[in-house]
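Reviewing the structure listed below.
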2 protein chains.
Amino acid sequence: MQAKTAKIQDVARIAGVSTATVSRALSNPDLVAESTRNAVMDAVAESGYRINHTARNLRRQRSGSILALVPNLANPFFSQILAGLSSVLSPAGYGLLIADTQTDNDPQERLRHFIQNGLADGIVIFDGNLPKQELLPAQHPPIVLACEWVDFDLPSVRVDNAKGAQIAIQHLYDLGHRQIGHITGPNGNVLAESRLQGMKSALAALNLQQPDQWVFQGDYSMDSGAFAAKQWMALDNRPTAVFSASDEMACGFMGALQHAGIDVPRDVSVIGFDNIEVVEHLTPALTTIRQPRRLIGQHAGQMVIKMIDDATMRCPSELIPVELIIRNSVVAPKT
Amino acid sequence: MQAKTAKIQDVARIAGVSTATVSRALSNPDLVAESTRNAVMDAVAESGYRINHTARNLRRQRSGSILALVPNLANPFFSQILAGLSSVLSPAGYGLLIADTQTDNDPQERLRHFIQNGLADGIVIFDGNLPKQELLPAQHPPIVLACEWVDFDLPSVRVDNAKGAQIAIQHLYDLGHRQIGHITGPNGNVLAESRLQGMKSALAALNLQQPDQWVFQGDYSMDSGAFAAKQWMALDNRPTAVFSASDEMACGFMGALQHAGIDVPRDVSVIGFDNIEVVEHLTPALTTIRQPRRLIGQHAGQMVIKMIDDATMRCPSELIPVELIIRNSVVAPKT
DNA sequence: CTGTTAGCGCGTTCAC
DNA sequence: GTGAACGCGCTAACAG
C-alpha cells in the first residue's frame, strides 16, 4: 500500500467544501453546482486524490467485482469466454475475479464462501457440475449460469448444443453417411448430455441405427479422443463417420488414426464441436460446429450487470446459435 | 448482498465476550484463552457468522486480491499459467483479479488505476509491452514480472528463452541441418527478441549463415505461421528446417505447407516453442521446446505472496528451465 | 445546492 | 487474557 495517498478530506479542505460535496461531485456530478464541481476537480488533480474503493465498497455494501467460476482454468476453451466477459466487465467498472473450482476439494463450499462473504456483486458459473439449487444460500447475489443446466431455475446463457449436434448429423447424412459414431463428453456433463441427446434425436429422425460400440466414452480431452481411435480401429464394422462432442477429442482422434496410417477423411470422416482455433490449421482441416465463445462471455457479463443494476435475480435466458463450418475432414463415404 | 448476515457483534453477544475478543479469536487464536476461544467458535457456528472481508480490508489497508495483467486473455497460452497462479493464490486466501490489457485503450493508465486505488495487494504482469519503470507510481505494491524483461529492475520469473532457442538450433544441427530458417514473434516483444537472439548466437557458434529472407516475421498467431509458409514456398533456396518462435505459428506453418502438398518433415523440418497441448496430436507430431507454463504461474504467485508477507519490493528472480521434446516433425535433411 | 451527522464492520491501541 | 473506544475512508440521510 502506498505511503500517504490523499483522502477525501484533503480534497475537501483544498477545495474549501465538505467531504460530502466532494463525494457527490465525484459520484453524482449532477447534484452539485458547476462552479463547486470544478473547484473539487481542481483539488482532486492538485492532491492526486484517488478514490478508495475498499471504503466505498464497505459503505455501499458491494464488492466491485464479479466472480467467474471456471471448472478448469487450464482448459483453453475458456480463454475466449473469459476475454469476452472481461471486455464487458471492465468498461462497466467491475473487476473480474476468477476461481478455479478444480483446485478446490469442495467447490460447493467455495461457492458459498464467495457468496456469504459478499466477495462478489455477481457470479457467472461455468462449471456445469457445480450448483445444486438446494445448496445455495437463501440470500445470494445475481447468478448467471453460462453452461447448459436445464433443471435449474436461474438465468442462463447457453449454446444450442442439441441443435449443433443435429446439424452435424444432418451434414454427415447429406454426404451419404449412414453409419455414424460418436465420441461423448464426460459422463454427467450437461453439455455432453445435450449433444448426445441432440445426436440421438437426429439419428432417430433420419431412421439411422447406432450400435452401442459406436459410441466412445470421452472426457473432452485429446487423449480420450486418441483412445477412441484405438477402439474405432478395433471394430469389425466401423462407422464411416464420427461426430466428436469436442474439437479437442477430434484432434486426438484424427491424430491417433493418422499415426496408425489411417487416412482421414478417406477412411473415416470426422466432425467436431466448438471450432477451437487450431482446427483450421490441421491436416485435414476439421469440419466442425462453431460455438461463439467470446459472445458467450459477453452475454453472460451483460446479463449479470443488468441484474445487478435492476436488483433482480431474474433475467430472460439466452440461447446462442451455432453454425456449421465446413472444411476438409468430412467427405462422402467410400462406396 | 444478503439480507442480514451476522456481524462480529452478534457473535460477541452470543459468546458473552467483547468484539475485540472475537476478532482476536479469529485472527490471532494464540492471544486468547482456550476456553473463551471455544466459546467464540461455538458462537460463530451458531450465528453462521462469516467475516466481512471488505471491512477487514479497509481496516487492514489491503485488498485481499492479486492482480494478473494479461496482454490477451483470449490467448490460450495463458490458460495454464493462470491455472498455476490460481492454484497457489486461493490456498493462500487471495482472490485472483484478472485484467486484459488489450481491452484497454491505455493499459499503462489501467495499471496505475489498479495500483493507486489499492485494488491489489500484489501484481503479476504478463504483458511484456506494459511497464515503463519511469511511469510507475513511486509507491506501489509488490510487482512480479512474469515475462522476459531484461532492463527492468523488478523481480521476475522468466523462462530461459535464449537457451531454448539454442537447444532447438543444436538439435537441428545434430540431425544435419545447415540451412535454418526462423519465424519470429511480434516485433518489440521481449520473448521473441530473446528467442531470436538465442538463435543468432547459436547459429554464430556453429558457424552457420542465415540470409535475411529465411527469417519470417510473425506475431505468434497461427495465421502468421501460415503466411510464413507462403513466403517459404516462394523461396528459391529454401532452408531445410525452420525454427518457429511459437507452436501456434508452427501449426499454421505446417498446416499451410501440407494444404499445398508439401510434406513435413520430408521436405522441411519444423521445430516449435512452448509445447502447447495440441501439438502432440498433430501429424506429424511437433518437435518443440517445452516451457512449463503452469510452473511459471505457480512461481510468480509464490513470489508475490512472499514479497507481500515480507513487505519488500525485492525478491530473487527465477529462471525456469526449458526442455527439448522430440517428436516427428524434425528429420535429417534430404541429401 | 451544500454541510452536518452518523455509521458500514472490523482491527487495534491502551488500559485494566 | 480481556474490554472500551476509536477510526480505516467513504456515502446516505437529513437539515438548512
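Residue numbering restarts at 1 for every chain, and letters A, B, ... go by the order of the sequence lines. The analysis underlying the following values was restricted to heavy atoms, covering all of them including side chains, and did not include hydrogens, waters or symmetry mates.
Side chain of B:Ile51, nearest nucleotide from C:dG11, D:dG3, C:dG9: C:dG11. In this structure, of C:dG3, C:dG9, D:dT2, it is C:dG9 that holds the atom nearest to the side chain of B:Asn52. Side-chain atoms of B:Ser18 lie closest to D:dA4 of the nucleotides D:dT11, C:dG9, D:dA4. Distances from the side chain of A:Val32 to the nucleotides C:dG11, C:dT2, D:dG9 place C:dT2 closest.
Nucleic acid contact for B:Thr21: sugar-phosphate only, since backbone atoms but no base atoms lie under 4.0 Å from a heavy atom of the residue. Within 4.0 Å of B:Ala33, counting heavy atoms only, lie sugar-phosphate atoms of the nucleic acid but no base atom.
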Exercise. Given the rule in the side chain to side chain contact (heavy atoms under 4.5 Å, CB included) test, do A:Phe78 and B:Leu82 qualify, once you have shown the distances and angles that lead to the verdict?
Worked result: CA-CA 11 Å; A:Phe78 293 104; B:Leu82 292 176; over 6 Å; no

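Contact check, A:Thr36 against C:dT2: a side-chain N or O comes under 4.0 Å of OP1 or OP2. Taking only side-chain nitrogens and oxygens, A:Gln61 comes nearer than 4.0 Å to OP1 or OP2 of C:dG9. An OP1 or OP2 oxygen of D:dT11 is reached within less than 4.0 angstrom by a side-chain nitrogen or oxygen of A:Ser27.
For A:Arg24 and C:dC1, the CZ to P distance is 11 Å, given to the nearest whole Å.
Both B:Leu26 and A:Ala20 sit near DNA chain C, but only A:Ala20 has its closest nucleotide nearer the 5' end.
A side-chain hydrogen bond (donor to acceptor under 3.5 Å, both in side chains) with A:Glu318 is found for one member of A:Arg158, A:Gln302, A:His299 and no other, namely A:His299.
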